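Treat the numbers as computed from the prediction; the structure is a model and nothing was measured. Along the sequence shown, the residues carry numbers beginning at 1. Note: hydrogens, waters and symmetry copies are ignored here, and every other heavy atom, side chains too, is used. In listed order, ligands and their atoms are each counted from 1.
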Amino acid sequence: MTSKLGNLFILAAPSGAGKSSLIKALLSREPDAQSNPKQVSVSHTTRAPRPGEVDGEHYHFVSREAFEALIEQQAFFEYAEVFGNYYGTSRITIEQTLHRGIDVFLDIDWQGARQVKALMPDTCGIFILPPSKPCLQERLEKRGQDEQSVIAKRMAEAVSEMSHYSEFDYVLVNDEFSATLQDLNSIVEAQRLRTAKQQARHQLLIDSLLSAE
Ligand code: 5GP
């Protein structure tokens, strides 16, 4: 399966690497919002909402039973168990959005990334690393949304997540936010200009340029 006109991107990172802020900044960048529409996929999860998180905006928060029913119905493009909770991407939403020519960004873990790459090999995988371990720890603590025990667990999980960096097409070290955002934007722009995408987008032009008349 190819991703039609829209491009599919995966952004993976350990918790605290700044992934969410980068996605948010990338999606709000002007002036290309009209000509190059993009969306971040809203996943389903069985984890409880954190303070400030809104159902349908940050995640679709569902029970374990509801999630398992969706697995049965093959409603997920990919899903995985991360930190003891299920997370999954809706199949129909992704397919419809890409079909409409909208770029989709998946904020998912390495397990989901593997599944997506197998289903759609032209997906662009990007891994974001923090500049150092102390910096990662500090970023997790600053959030203040999780208990200390949860932070310690997430630090351990971060090492495990980071060990998969080489499975991705691009690696960004998020030291200076605006520089990382610039690099991320460059990757997105380059992906849009890949030959297969340009062929689909400019088929009429290419046909006319190559015709004998
Ligand atoms: P958090 O609970 O901090 O929002 O997310 C925990 C981890 O789950 C992050 O690495 C995040 O990227 C990952 N995640 C979020 N949504 C999905 C999803 O739909 N599928 C997969 N495989 N991972 C997800």
Under 4.0 Å between a Lys/Arg side-chain N and an Asp/Glu carboxylate O for [X] and [Y]?
| X | Y | value |
| --- | --- | --- |
| E138 | K133 | no |
| R154 | E161 | no |
| D103 | R192 | yes |
| K117 | D169 | yes |

Please write down residue, atom name and distance for the protein heavy atom closest to [atom].
| atom | answer |
| --- | --- |
| atom 17 (C) of ligand 1 | Y87 CB, 3.4 Å |
| atom 20 (N) of ligand 1 | E78 OE2, 2.7 Å |
| atom 7 (C) of ligand 1 | V82 CG1, 3.8 Å |
| atom 16 (N) of ligand 1 | S43 OG, 3.2 Å |

For this session: Check each heavy atom of R50 against ligand 1 and say whether those closer than 4.0 Å belong to the side chain, the backbone, both or neither.
Result: side chain
Report yes if [X] has an N/O atom closer than 3.5 Å to an N/O atom of ligand 1; otherwise report no.
| X | result |
| --- | --- |
| D107 | yes |
| H44 | no |
| Q111 | no |
| F83 | no |
| D109 | yes |

Problem set entry | Between CG on residue N85 and OG1 on residue T46, distance to nearest 0.5 Å | 4.0 Å
Is the closest heavy-atom distance from [X] to ligand 1 below 4.0 Å?
| X | value |
| --- | --- |
| R154 | yes |
| K19 | yes |
| Y59 | yes |
| R47 | yes |

Numbering the atoms of ligand 1 from 1, which are under 4.0 Å from a heavy atom of [X]?
| X | result |
| --- | --- |
| G112 | 22 (N) |
| T89 | 19 (O) |
| A80 | 22 (N) |

For this session: Could you check whether the rings of F67 and F76 sit parallel, tilted or perpendicular, using 30° and 60° as the cut-offs?
Result: parallel
Exercise. Parallel under 30°, tilted from 30 to 60°, perpendicular over 60°: which one fits the rings of F105 and F9?
Worked result: parallel
Exercise. Are a donor atom and an acceptor atom from the side chains of D207 and Q203 found within less than 3.5 Å of each other?
Worked result: yes
Problem set entry | Polar contact flag, side-chain donor to acceptor under 3.5 angstrom, E95-T93 | no
Exercise. How about E53 and R47: do any of their side-chain heavy atoms sit closer than 4.5 Å?
Worked result: yes
Exercise. Looking only at heavy atoms, which two atoms of N7 and L98 are closest? And how far apart?
Worked result: O-CD2, 3.6 Å
